[in-house]
Protein chains: 2
Amino acid sequence: MNNLVQIKRLQRYRMALLRLKNMGLKKTFSHSLSEETGVSPVLIRKDFSQFGIRGKRRGGYDIDSLLDELKLLFGREKEQNVVLVGLGNIGAALVKYEGYRQSNMNMVAVFDIDPVKRTRRYSVPVYSLESLREVVNAFDVSVAILAVPEFSAQETAHYLVENGISGILNFAPVLLKLPGHVLVNNINIMIELERLMYHIGVRTKPI
Amino acid sequence: MNNLVQIKRLQRYRMALLRLKNMGLKKTFSHSLSEETGVSPVLIRKDFSQFGIRGKRRGGYDIDSLLDELKLLFGREKEQNVVLVGLGNIGAALVKYEGYRQSNMNMVAVFDIDPVKRTRRYSVPVYSLESLREVVNAFDVSVAILAVPEFSAQETAHYLVENGISGILNFAPVLLKLPGHVLVNNINIMIELERLMYHIGVRTKPI
DNA sequence: ATTAATATGTGAAATTAGTAACAAATTAAT
DNA sequence: ATTAATTTGTTACTAATTTCACATATTAAT
Ligand SMILES: NC(=O)c1ccc[n+]([C@@H]2O[C@H](COP(=O)([O-])OP(=O)(O)OC[C@H]3O[C@@H](n4cnc5c(N)ncnc54)[C@H](O)[C@@H]3O)[C@@H](O)[C@H]2O)c1
Ligand SMILES: NC(=O)c1ccc[n+]([C@@H]2O[C@H](COP(=O)([O-])OP(=O)(O)OC[C@H]3O[C@@H](n4cnc5c(N)ncnc54)[C@H](O)[C@@H]3O)[C@@H](O)[C@H]2O)c1
């Protein structure tokens, strides 16, 4: 059963555990985590079990230990550097976001073809794409956030990969065609909205 | 097998078909759509088949007919109005986005508690939350985009529901606890980034 | 006309994911 | 100490999703 679906759930557990810890809690139970994540208690226990994470019968799970175990999975030891490509609407939101540290990540540079965009001053430097390779090498970057218009997404993604990027978080609503070793995660806001509409529409449609 | 997973795929087909149509194509085949969407050809055929959409053996599918059929599913007849709650980083990107029309949607109002945010002028009016019910009634709104900070997300979501919202696209990294009839779709940017890191890390880790 | 090639459509098989049931451990209560 | 209550961990079962295999239709070529 390993992977994908399960990894997504482990991430959710981790987020929830961070919240619980923040609230001052020391331990938790599969049914409490279920409340926080929407995953059934059995499945939570099974997931933990399969990743070698063990609780105490009747005593539940120790939050700190759980987070330590999950840290080995997600919170890579070394802080991971990412770059942002495309400083438009979405890009501007992402560059101003301050939550990267919390996930042990750091945005080291932004790239945009528009020189005007490069005059705006943020806490992160904005370059032309020519500097990409240099930055990738200097900061050991392997992941990029891609927030360029749909029509240039494929071409830009290709350029990123040519210059050493092997993971892309893609906001453009297209399937990027890239070499097999490259990983892409897509975020498609309009599709999420549409599906919401669809499900609501379906349910409220008169029978 | 109906629903959820399948609906997601049908949405992807639709997006891809719109692109193909835009490129001037008239018909397509399950294997071409597979290229565009990453879904296997058999599964594409099966999905269509189960939704009563039929192609021509040897002749493939007619793009316009396909889109018509899918329109019945997704592109509700009437344009759907949505509101945005929280005009921060993400909110500002969403209010400036111009792709709603294409999905037959329309953003009719933005809400923010911060009076300073309400002085900024966009093509969409910005109100305080007190006006929510009024707008919901006037524009028959059932879906809201929630882009407020994590700590106020639950409370705000609750308020939205109290005032007639039944679908929420949630950007805050928390599981919203709401009455069963309310639908929530979550977009969690950091989780997507983390998972990218994880999968890359796993693969490049020395054996 | 006949044959070959190509694509769809679908029931069966295989795979993957999730649930139920319950034993084992641990803690709390008497 | 003994009993009861609770919660984990696991195996067996059920459900869901996807792929396989192939029959069937359609077009193109000879
Ligand atoms: N803004 C939203 O709310 C929203 C919603 C849904 C989807 N999207 C998608 O997200 C992507 C970005 O949207 P946006 O609204 O931020 O777009 P935008 O047009 O505001 O910004 C795009 C930016 O990318 C830059 N750019 C263009 N080509 C480039 C290239 N080759 N290399 C580097 N930079 C380049 C442009 O100069 C611009 O600054 C689009 O694909 C869009 O479809 C956005
Ligand atoms: N910006 C990003 O790139 C990013 C990335 C990942 C996740 N997120 C999440 O998205 C959400 C929004 O992020 P952001 O960066 O835009 O935050 P932000 O702080 O920039 O903006 C939040 C906005 O919500 C308004 N607000 C606060 N409470 C409100 C309430 N009760 N009702 C109405 N409006 C209210 C604030 O006035 C502000 O304008 C957060 O939950 C954040 O964790 C954002």
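Order of the sequence lines sets the chain letters (A, B, ...), proteins ahead of strands, with each chain counted from 1. Keep in mind it's a predicted model, so treat the numbers as computed, not measured.
The side chain of Arg54(B) contributes an N or O atom lying less than 4.0 Å from OP1 or OP2 of dT10(C). Taking 4.0 angstrom as the limit, Arg45(B) places none of its side-chain polar atoms (N or O) nearer than this to OP1 or OP2 of dG9(C). For the OP1/OP2 pair of dT18(D) and a distance below 4.0 Å, the side-chain nitrogens and oxygens of Arg9(B) include at least one atom meeting the criterion. Side-chain nitrogen and oxygen atoms of Ser49(B) include none within less than 4.0 Å of the OP1 or OP2 phosphate oxygen of dG9(C).
One atom, NE2 of His31(A), and another, P of dT6(D), lie 11 Å apart when rounded to the nearest Å. Nucleotide dA17(C) holds its P atom 8 Å from the CD atom of Gln6(A), rounded to whole Å. With rounding to whole Å, Asp62(A) atom CG is found 13 Å from dT8(D) atom P. The interatomic distance linking Gln50(A) (CD) with dT19(C) (C1') rounds to 14 Å, in whole Å. For the pair Asp47(A) CG and dT19(C) C1', the computed distance is 13 Å after rounding to whole Å. Phe29(B) has its CZ atom 18 Å from the P atom of dA5(C), to the nearest Å. The CG atom of Leu43(A) sits 14 Å away from the C1' atom of dA15(D) (whole-angstrom rounding). Distance CD1 (Ile44(A)) to C1' (dT10(D)): 17 Å, rounded to an integer number of Å.
Side-chain atoms of Lys46(B) stay outside donor-acceptor range of the base of dT8(C), with no qualifying N/O pair under 3.5 Å.
One finds a salt bridge joining Glu79(B) and Arg101(B) here, because a Lys/Arg side-chain nitrogen approaches an Asp/Glu carboxylate oxygen to under 4.0 Å.
Under the side chain to side chain contact (heavy atoms under 4.5 Å, CB included) criterion, Phe48(A) pairs with Leu10(A), Tyr13(A), Leu33(A), Ile44(A), Ile53(A), Tyr61(A), Leu66(A), not counting sequence neighbours. Tyr100(B) is linked by a side chain to side chain contact (heavy atoms under 4.5 Å, CB included) to Met190(A), Leu193(A), Leu94(B), Tyr97(B), Met105(B), Met107(B), Ile145(B), counting only residues two or more places apart in sequence or in another chain. Taking His158(A) as the reference, Glu162(A) meet the side chain to side chain contact (heavy atoms under 4.5 Å, CB included) condition, with sequence neighbours excluded. In this structure Ile113(B) satisfies the side chain to side chain contact (heavy atoms under 4.5 Å, CB included) test together with Leu129(B), sequence neighbours excluded. Residues satisfying the ring pair (Phe, Tyr, Trp, His ring centres under 6.0 Å) criterion with Tyr127(A), sequence neighbours excluded, are Phe111(A).
Near DNA chain C, meaning a heavy atom under 4.0 Å away, the residues from residues 34-42 of chain A are Ser40(A), Val42(A).
In terms of modelled atom types and a separation under 3.5 Å, the side chain of Gln154(B) and the main chain of Lys177(B) share a donor-acceptor contact.
Judged as a salt bridge (Lys or Arg N to Asp or Glu O under 4.0 Å), the pairs with a partner in residues 181-200 of chain B (not counting sequence neighbours) are, in order, Arg14(A)-Glu194(B), Glu192(B)-Arg195(B). Residue pairs meeting the salt bridge (Lys or Arg N to Asp or Glu O under 4.0 Å) criterion with at least one member in residues 49-61 of chain B: none, sequence neighbours excluded. For the salt bridge (Lys or Arg N to Asp or Glu O under 4.0 Å) condition, no pair includes a residue of residues 152-161 of chain B, sequence neighbours left out. Applying the side chain to side chain donor-acceptor pair (under 3.5 Å) test to every pair with at least one member in residues 128-150 of chain A, sequence neighbours left out, gives these pairs: Arg133(A)-Asn163(A).
Counting heavy atoms from C-beta on, the side chains of Ile187(A) and Asn185(A) never come closer than 4.5 Å.
Comparing the axis of the opening five pairs of the helix from dA1(C)-dT30(D) to dT30(C)-dA1(D) with that of the closing five pairs yields an angle of 10°, rounded to 10°.
As judged by a 4.0 angstrom heavy-atom cut-off over every strand, Tyr61(B) is placed among residues touching the sugar-phosphate backbone only.
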Sugar-phosphate atoms are those with a prime plus P, OP1 and OP2; base atoms are the rest. Using that split, label each nucleotide of nucleotides 23-30 of chain D B, S or - for protein heavy atoms under 4.0 Å, 5' to 3'. BBBBBS--
